[in-house]
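Okay, structure first, notes after.
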Amino acid sequence: MEVQDLEKIVEQQSSANRMERDLAKSAAFPALMRKVYLWMTMALVITGLCAWGTATSPAMVQLVFGNQAAIWVLFFAELFLVGYTTLRIQRLSLATATTLFIIYSALNGVVLSSIFMVYTMTSIAKVFFITAGTFGVTALYGAVTKTDLTKFGNLFLMALFGLIIATVVNLFMQSARFDLILSYIGVVLFVGLTAWDSQQIKRALAMQGGLDETSQKVALLGALELYLDFINLFLYLLRFFGRSNN
């Protein structure tokens, strides 16, 4: 067999391998995107059920809100779960990472049960649908826009840290006007973060070579990020459109 024939065979095999990889990517991408939104929806349902279950149970209300230490324990447990899952996602199995996500969603629901004590059910439902519509449009924009949103990443991160610090400061100031300003900033920030995260998730999933465990963990992490965007956007919008029980 001549050298030229060998070169042709190698080239054909290389081309076939590239086609197989491209086909795997094209088949995996929509499946991974579906998993992102299925996991996110699952987490929102768990959060909602746990919030409602806690709010309608006098024993749970007393356990969670009757002792300030319980709230702090839940708060730090949530921080730990998010940080641990995010930082160690590559070392965790998919089953473990999913379980941690579910536990976090449930704990978040317990903490957020307080909104049922502050706002009417009608206004909570209304704000949920407003959030869903806003989130859907923004996430779609981030997924289809040709504009590179990467340059806004550092800006969003700095704004997020600034918002957290300002919120902590206002806990001591107790300024209603400053709280309103922070709410406006929060809505704008998480609308922007939703678009940015959506674009980053799309790019990350487009690079995956197939529907293996590693790529599914990337999708799970994307679901966690969008879940956090949705929850925060909902809470800030609730400050504007929520009606008090009192």
Side-chain angles (χ1 to χ4, degrees), residues 17-47 78-105 108 131-132 134-161 163-164 186 188-234:
N17 290 335
R18 284 197 301 270
M19 288 180 64
E20 287 180 3
R21 288 196 299 269
D22 291 342
L23 285 172
K25 285 185 178 181
S26 62
F29 178 72
L32 290 170
M33 286 298 293
R34 284 194 297 271
K35 283 183 174 291
V36 168
Y37 288 100
L38 283 173
W39 272 320
M40 175 193 156
T41 302
M42 172 199 71
L44 289 174
V45 170
I46 292 172
T47 297
E78 286 188 279
L79 287 180
F80 172 78
L81 285 172
V82 170
Y84 185 81
T85 304
T86 302
L87 295 175
R88 297 186 58 89
I89 188 70
Q90 296 302 329
R91 297 185 180 183
L92 298 173
S93 68
L94 179 61
T96 300
T98 304
T99 301
L100 292 176
F101 189 16
I102 291 172
I103 294 172
Y104 172 74
S105 304
N108 204 29
T131 305
T134 305
F135 178 90
V137 170
T138 309
L140 179 62
Y141 171 79
V144 303
T145 184
K146 301 299 182 182
T147 304
D148 186 3
L149 302 178
T150 305
K151 56 187 176 183
F152 297 108
N154 290 332
L155 179 62
F156 288 146
L157 185 61
M158 288 188 293
L160 180 59
F161 281 123
L163 181 63
I164 293 172
V188 173
L189 175 59
F190 282 101
V191 164
L193 277 171
T194 299
W196 184 77
D197 283 334
S198 181
Q199 186 177 80
Q200 298 307 305
I201 291 167
K202 177 184 175 182
R203 290 178 175 177
L205 296 182
M207 295 173 61
Q208 303 306 308
L211 201 60
D212 55 14
E213 182 166 307
T214 299
S215 62
Q216 291 188 67
K217 287 192 288 186
V218 174
L220 181 67
L221 195 58
L224 174 59
E225 292 171 352
L226 291 180
Y227 166 84
L228 292 172
D229 290 339
F230 187 101
I231 291 294
N232 281 284
L233 182 59
F234 169 75

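Residue indices begin at 1 and follow the sequence shown.
Between Ala143 and Ser198, the shortest heavy-atom distance links the atoms N-OG, 3.6 Å. The two residues Trp39 and Ala219 come nearest to each other via the heavy atoms CZ3-CB, 3.9 Å. The minimum heavy-atom distance between Lys202 and Phe29, with the atom names listed, is O-CE1, 3.4 Å. Nearest heavy atom pair, residue Ala132 against residue Phe230, reads CA-CE1, 3.7 Å. The minimum heavy-atom distance between Ala43 and Ser105, with the atom names listed, is CB-OG, 3.2 Å.
For Thr99, the side chain to side chain contact (heavy atoms under 4.5 Å, CB included) criterion is met by Ile103, not counting sequence neighbours. In terms of the side chain to side chain contact (heavy atoms under 4.5 Å, CB included) criterion, residue partners of Leu157 (sequence neighbours excluded) are, by chain and number, Phe161. Judged as a ring-ring contact (aromatic ring centres under 6.0 Å, His included), and not counting sequence neighbours, Phe152 has no contacts. Scanning for side chain to side chain contact (heavy atoms under 4.5 Å, CB included) contacts around Leu79 gives Phe75, Phe76, with sequence neighbours left out. Annotation: side-chain hydrogen bond (donor to acceptor under 3.5 Å, both in side chains) contacts of Ser215 (sequence neighbours excluded): Asp212. With sequence neighbours left out, the side-chain hydrogen bond (donor to acceptor under 3.5 Å, both in side chains) criterion links Lys35 to Gln216. With sequence neighbours left out, Asp229 forms a side-chain hydrogen bond (donor to acceptor under 3.5 Å, both in side chains) with no residue at all. With sequence neighbours left out, Arg203 forms a salt bridge (charged side-chain N to carboxylate O under 4.0 Å, His left out) with Asp148. With sequence neighbours left out, Leu38 forms a side chain to side chain contact (heavy atoms under 4.5 Å, CB included) with no residue at all. In this structure Tyr141 satisfies the ring-ring contact (aromatic ring centres under 6.0 Å, His included) test with no other residue, sequence neighbours excluded. By the side-chain hydrogen bond (donor to acceptor under 3.5 Å, both in side chains) test, Thr47 pairs with Tyr227, sequence neighbours left out.
Looking at heavy atoms from C-beta onward, Ile102 lies in side-chain contact with Met42 at the 4.5 angstrom threshold. Counting heavy atoms from C-beta outward, Leu32 and Val218 have side chains that stay 4.5 Å or more apart. Within the 4.5 Å cutoff, the side chain of Phe190 has heavy atoms near those of the Leu160 side chain. Side-chain contact between Leu228 and Tyr104: present, with at least one pair of heavy atoms (C-beta onward) separated by less than 4.5 Å.
Formation of a donor-acceptor pair under 3.5 Å by the Gln199 side chain with backbone atoms of Ala195 is not found in this model.
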Contacts table for residues 87-97: side-chain donor-acceptor under 3.5 angstrom, sequence neighbours left out:
from	atom 1	to	atom 2	distance (Å)
Ser93	OG	Thr96	N	3.1
Ser93	OG	Thr96	OG1	2.8

> Would Leu44 and Ile231 count as a side chain to side chain contact (heavy atoms under 4.5 Å, CB included) if you check the C-alpha gap in whole Å, the side-chain angles of each, and the deciding distance to 0.1 Å?
Replying inline: CA-CA 8 Å; Leu44 289 174; Ile231 291 294; 3.8 Å; yes

